[in-house]
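Computed from a predicted structure; not experimentally measured.
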Amino acid sequence: MTKDISFGNNAVVVGALAAHGNIDIGGGNSLVTFNPSVISQVDFGGACTPDEPTVVLDHIRIVHPGVGLTCQASDLQVLACADSGCGTLYPDPVDLTLQPAGWLPAQNVTVTGVANLQFQRSIEETVTLGVSNISPATENGTVCIAPDGSGSCNMEFRDVAFVFEMQDLIAGEEGKTLSMSALETDENTGQCTALFAGETRTIEFGTSYLNPGPANRQAAFPTWIDGNQVATDGVAQTGVAITFDGDGVARDIPIRYNDAGRNSLLARYVEDKQPDGGTLLIEGAGQYVSVPLGLCLIPEQRCVSADLSCSNTLPAGVPFSVTPKAYRDAPGVSGMSCTDKPPAPSFAAGDVPVSHQLLFPGGGIEGDLLEPVIDYGDGNQSLTLTEVGVFSISTAAVPGGYLGRDVPASDNAMTARMVPEQLALTVESNGELSPQCGNFVYTGQTFGWDAAGIPELRVEALNGQIPPQATLNYTDPEVIVQLNAERFVVNVPYADNVETLDDAASTPVPFRREPNATSLSTGSRDSVTGGVVRYLFNGADEFIYPKLATSRINPFSPDLTFLLQPMADADGVQVSGISAGGEPIKPVAAFEVRYGRLSPQNVYGPENIDELQMPLQMEYWTGDRFALNGADSCTPWSAADVSSNTASHHDLVSAAGTFDSGVGGPLVLEAKGSTGTDTLIWGGLKDWQRDDLDGDGTLDDPTATATFGVYRGHDRVIYWQER
């Protein structure tokens, strides 16, 4: 359907529907199941296929020699032209009636593209050639091509004239020849007899441009007859000595023309003082078509080798300029580049099929060439390749595509290296930060990425089509080296976004990657396929909120922003979607940061006790005091961490373990039976287990005492000061 389709309530449809507009299934119990996978299998009978462009019959063209002999039929050509310049022939049969009578083999003919015919008159007269009853009808009637370029449809028949045997030429090629004779009609037999047998005569030659004509040419090249450049203004006025053999035929006369096109060669001979007192005038014309030696294409930028060493790049999916060129023969032309080959500038052919072939990367995707045809003789053209890589482009041979002659296939041309028009960034996952254990981390303690929450970026290589399409070759192993992992530079924040220190300036809580680095370490390209690059951050990176002795911070949840820096691949293709300041990566951090310390407890007892047990606990700053960190069941403890121990009154038993709900130990001190106090100092701890105990602005090692046999009074500190 070309319009909308509407159903009432409770409709049941078995089969398929296709509509250009909308399908309204109604209400009630109507049920429609849509399966998009079958669309490609449905035959819509051409309803969804765009109409092919219509080829029209522009005009009928008659090509004639201008002068004919009464003793023989003259060769003419009738063409059905699909454009005004007859660069394209009408492909279908055309029925027509030729005027006037005298056409051979028949007056009513069917022409498909081109027909080689003859016309005959046996008396001296001028006839006007024409066509009637054309089916299908033309848009622009009938056009005649006369040898003098006038476009006249008049053809004059004489008893004496020059006739030519000419072959098609290749532009610029040496070694092409023609033959000519001067014939007259025997008044008794009506047969043709030859003049000038065994003689040498000076014949005046000239040329006339027929297609393209004088006004539509890119350049005006002369025709050379036996080494002589002859006139080009449609008048025979350049004298060339021509020798006729015993049969009255001048054979193998060298001819060269350095351009493409259809021209007429005019010949004239004038001899006064004839026996009857008159003047002998012999004229005639022959036509020839000159085709290019070859065709080639000049892309605006080109590679000399099909690999990454080619630095000439263009964006895929964006039209680039290419100059179609016809060239002529010349010494050494086969070894020249297309740019250097001498041109045949008058060649013109429209709608020549153009194709492409992938050269690099090997085994990659061919992609599409969006323009199916190209025009020669119409200046620069635009072509669009949708994929990444180096391609060769060429035009196909077109039989009969140029003035009824074959258009040769072009030389292969190497394009520039096509690259993506953009690299589109998507942050697939901002990731998640995780402490080493539990749901908190101490200031000064390292933490990193959660194993299941490492940030991931997605970069898709797109071409310049609208809408953009993925360039699948970008992730080919030979190409993806242009976007290595080192190009992903992610800056580490210098501080938390929200939390500040307890100081007059409200300084943001500092943050850094360990070791103290301004950017993350290089991650990995986790996947490269289908034009998409997936980049994973380095899961081994560690981070820290440095512990400052001068500021005991309250517990807080991290709020951090990492910044992916603006980037491009090795070809300078920018990754889109990144601002000048960087693309923010804001990981989840579902835990607290706490200012903590190891707090061993002072102990005392009689000197004759077997042992004293010294409890250990992990504490954190709540904002106004230190409290037991009951969430800590991760931190290890060891008697070996006691780096200084007076041990005058005890022996420390070797032991180790892990804090449980913030409580560790206890350490076992076996009494020696003497009286006094021993001091134990933990000097082997990390900063996150230490605190500024004396207020001097530096972190101190935890310290505790063990007293044996010395009464220290009531243990309530309200009665005596104890640090």
Side-chain angles (χ1 to χ4, degrees), residues 39-40 48-50 295-324 338 351-375 380-396 409-426 458-483 525 527-534 568-576:
I39 294 297
S40 61
C48 298
T49 303
L295 305 177
C296 58
L297 301 171
I298 308 174
E300 64 177 83
Q301 292 192 54
R302 306 181 286 286
C303 290
V304 295
S305 60
D307 51 42
L308 284 180
S309 68
C310 177
S311 59
N312 292 327
T313 60
L314 290 172
V318 176
F320 62 91
S321 176
V322 61
T323 304
C338 184
D351 294 338
V352 180
V354 61
S355 61
H356 72 298
Q357 181 180 3
L358 179 67
L359 302 179
F360 169 82
I365 304 299
E366 291 281 348
D368 296 319
L369 177 61
L370 299 185
E371 295 80 8
V373 296
I374 203 168
D375 295 338
N380 293 346
Q381 312 280 299
S382 291
L383 294 178
T384 309
L385 289 164
T386 62
E387 257 299 345
V388 162
V390 180
F391 299 83
S392 69
I393 52 175
S394 61
T395 54
S410 75
D411 304 340
N412 289 324
M414 193 180 298
T415 66
R417 182 161 57 85
M418 312 306 294
V419 299
E421 194 273 337
Q422 62 169 307
L423 298 170
L425 172 74
T426 303
R458 180 182 189 271
V459 176
E460 185 173 18
L462 300 174
N463 65 20
Q465 289 181 262
I466 300 175
Q469 303 295 315
T471 54
L472 305 184
N473 287 344
Y474 190 74
T475 47
D476 186 278
E478 294 186 79
V479 180
I480 193 56
V481 294
Q482 300 300 88
L483 187 67
R525 292 181 318 195
S527 174
V528 284
T529 182
V532 175
V533 178
R534 294 184 182 274
D569 71 1
D571 292 313
V573 180
Q574 292 293 319
V575 176
S576 62

On a heavy-atom basis, the closest approach of Asn463 and Ala316 is CB-O, 3.2 Å
Pairing residues for Ser410 by the side chain to side chain donor-acceptor pair (under 3.5 Å) criterion, not counting sequence neighbours:
Thr395
So OG1 of Thr415 and CZ of Phe320: to nearest 0.5 Å the spacing works out to 6.0 Å
Donor-acceptor pairs are to be reported for all side-chain atoms of residues 356-365 against protein atoms at under 3.5 Å, with residues two or more places apart or in another chain.
from, atom 1, to, atom 2, distance (Å)
His356, NE2, Glu366, O, 3.0
His356, NE2, Gly367, O, 3.2

Kindly give the heavy-atom pair with the smallest separation between Val575 and Leu425, and that separation in Å.
CG1-CB, 3.6 Å
With the side chain counted from C-beta on, respond yes when Pro468 and Glu421 share a heavy-atom pair under 4.5 Å apart, and no when they do not.
no
Heavy-atom closest contact (Gln381 atom, Asp375 atom, distance):
OE1-N, 3.3 Å
OG1 (Thr323) and CG (Leu297) are apart, to the nearest 0.5 Å, by 9.0 Å
Taking C-beta and beyond as the side chain, do Leu308 and Gln482 meet within less than 4.5 Å on heavy atoms?
yes
Rounded to the nearest 0.5 Å, what separation is found between the SG atom of Cys338 and the CE atom of Met414?
13.5 Å
Residue pairs passing the salt bridge (Lys or Arg N to Asp or Glu O under 4.0 Å) test with at least one member in residues 297-313, sequence neighbours excluded, are none
If you round to the nearest 0.5 Å, how far is OG of Ser321 from CG of Leu383?
8.5 Å
Side-chain contact test, heavy atoms from C-beta onward, threshold under 4.5 Å: evaluate it for Leu369 versus Phe391 and give yes or no.
no
Closest non-hydrogen atom pair, Ala461 against Pro420
CB-CG, 3.8 Å
Taking side chain as C-beta onward, heavy atoms only, is Arg458 less than 4.5 Å from Val532?
yes
Would you give the length of the straight line joining atom OG1 of Thr471 to atom CG of Asp476, rounded to the nearest 0.5 angstrom?
11.5 Å
If every non-hydrogen atom of Leu370 is compared with every non-hydrogen atom of Gln465, which pair is closest and at what distance?
CD1-NE2, 4.0 Å
Is there a side-chain contact between Asp571 and Arg417 (heavy atoms, below 4.5 Å)?
yes
Looking at every heavy atom in both Gln301 and Asn312, which two are closest together, and how far apart are they?
OE1-CB, 3.5 Å
Counting N and O atoms only, with roles assigned by atom type, does the side chain of Asn473 sit under 3.5 Å from a partner on the main chain of Val388, one being a donor and the other an acceptor?
yes
Which residues share a side chain to side chain donor-acceptor pair (under 3.5 Å) with Glu371, sequence neighbours left out:
Thr384
Side-chain touch Pro353/Pro372, heavy atoms, less than 4.5 angstrom:
no
Nearest 0.5 Å please: distance from the CD1 atom of Ile480 over to the OG1 atom of Thr475.
6.0 Å
Residues passing the side chain to side chain donor-acceptor pair (under 3.5 Å) test with Asp411, sequence neighbours excluded, are Tyr327, Lys341
Could you pull out all residues at least two apart from Ala568 that satisfy side-chain contact (heavy atoms from CB on, under 4.5 Å)?
Gln574
